[in-house]
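The model shown is predicted, which means the values in this text are computed figures rather than measured ones. Order of listing sets the numbers, starting from 1, for every ligand and every atom in it.
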Amino acid sequence: MTSTPRPRVVLGVGGGIAAYKACEVLRGLTEPGHEVRVVPTEAALRFVGAATFEALSGNPVHTGVFSDVPEVPHVRIGQWADLVLVVPATADLLAKAAHGLADDLLTNTLLTARCPVLMAPAMHTEMWEHAATRDNVATLRARGVIVTEPASGRLTGADTGKGRLADPAEILDLARLLLARPTALPRDLEGRRVVVSAGGTREPLDPVRFLGNRSSGKQGYALARTAVQRGASVTLVSAHTLALPEPAGAEVIRASTAEELREAVHKSAADADVIVMAAAVADFRPAHRAEYKIKKTGRDPDPVALTRNPDILAELVAARQPGQVIVGFAAETGDTGADVLEHARAKHRRKGCDLLVVNAVGEGKAFEVEDNAGWLLSTDGTEKPIALGSKAQMASEVWDAVVALLRGVHGQ
Ligand code: CTP
């Protein structure tokens, strides 16, 4: 019996306070069975001890190039890896990597690795915004290194700003994407404005009840996250979702009802190059929103009379700016009249969007699960199957198709 090789990951750890979060990333890599070598800097070991990394990875930990010399680790570790992650990447590490310095095991590894390299920065806002760091990040990105955007929020002290390490769950999501698809994050959306809606709307019946749906928001968040990494300026209009980390680097606008989501999407859509409607928008809302809790002893015989919500996607298509690419989603089940694809083709014609991403739903498929499969329907009639994979993988296929359309539209 042949077993699938375990993905091999180098986890570089820089000397910043966020080094403790590298332990969570490490757990997230070893739990699904990845082989992980942790390569911290000397400074990182002042924040987290080598014993922690050794115990969690099951492998020895060294920082310099003079341990295990006959094994030539300063070359072998980089050659061995399917993916190198650096969590956190300090300003100093970014500078060393950009200039090809190699004065310890991690910086040597960065020079010898030929696999995808993802660096997740964490530092104070001033350091992130400094011209030196900006130039180093630009150099690394131009060479194909994926440098994630830091999150905004509480920093080491009482201060807040841009520079927090992206959420470990977000880093893991991107790591899994790169292991499955090493070329998934080119910077081909640089200079583009993208609006993504995500999650499920809630339509209140009274102060305590609402009509909702089972959308988790994961697909929309994966779309926003991957678009940020591909260089886009992203606005995520988020309705209700499971507890998900906000995609670092995206502007997040919260909306609850279909009406609120509609307003937020239209506002952001005016100057967007791409709009992706991944939100599950309620088609109907209660005709009346009761001011007080509805009682079963109440006089209204039908307290759930409904009225139609506007179709936001159809409105966006009707108001489309020249060159704008509009993507819709369709969660379909087959029925006695037609199968999933037949329903989807009819919806694509009806909605008039450039691309329609089709998911088969029901019986544990698509909602609240990690993996998705489906089709991508284009207006030129192509129907591309999307193999079962993570929502980030599906997102990266959607962005590939969007980029092809943007290039076609703008003749680039
Ligand atoms: N959509 C929207 N506004 C609505 C309903 C849906 O913008 N009021 C968008 C969704 O975000 C998605 C697409 O339309 O991108 C398809 O949603 P879906 O609920 O599958 O389509 P419906 O038009 O509601 O069709 P039906 O309920 O008949 O399947």
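Nearest protein heavy-atom neighbour of atom 14 (O) of ligand 1: K351 NZ, 3.0 Å. Nearest protein heavy-atom contact of atom 28 (O) of ligand 1 is R350 NH2, 3.9 Å. Considering only non-hydrogen protein atoms, atom 11 (O) of ligand 1 sits nearest to A279 O, 2.7 Å. Looking at atom 7 (O) of ligand 1, its nearest protein heavy atom turns out to be L313 N, 2.8 Å. Among all protein heavy atoms, the one lying closest to atom 8 (N) of ligand 1 is P310 O, 2.9 Å.
For R134, the CZ atom sits in a packed shell: over 12 heavy atoms of surrounding residues, nucleotides or ligands are nearer than 6.0 Å. Within 6.0 Å of CD in E35 there are more than 12 heavy atoms belonging to other residues, nucleotides or ligands.
If you run salt bridge (charged side-chain N to carboxylate O under 4.0 Å, His left out) between E246 and each of R254, R225, R164, only R254 comes through.
In terms of N/O distances under 3.5 Å, ligand 1 is approached by F329. Looking at I312 next to ligand 1, an N or O pair under 3.5 Å apart turns up. Taking only nitrogen or oxygen atoms, main chain and side chain alike, K347 reaches within less than 3.5 Å of ligand 1.
In the model, E251 has a side-chain atom that pairs as donor or acceptor with a side-chain atom of T235 under 3.5 Å.
Here is the list of ligand 1 atoms found below 4.0 Å of a heavy atom in G328: 15 (O). Numbered from 1 in the order shown, with element, the atoms of ligand 1 that lie under 4.0 Å from a heavy atom of M277 read 7 (O), 11 (O), 12 (C), 15 (O).
T133 places no side-chain N or O within donor-acceptor distance of the main-chain N or O of A91, the cut-off being under 3.5 Å.
Salt-bridge annotation for E203 and R308: absent, with no side-chain N of the basic residue lying under 4.0 Å from a carboxylate O of the acidic one.
Nearest-residue assignment for atom 5 (C) of ligand 1 (options D283, V276, N359, T201; heavy-atom criterion): D283.
Closest approach of P310 and R285 over heavy atoms only: CD-NH1, 4.2 Å.
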Would R193 and S268 satisfy side chain to side chain donor-acceptor pair (under 3.5 Å), going step by step from the backbone distance to the final call?
CA-CA 9 Å; R193 278 219 56 233; S268 315; 5.2 Å; no
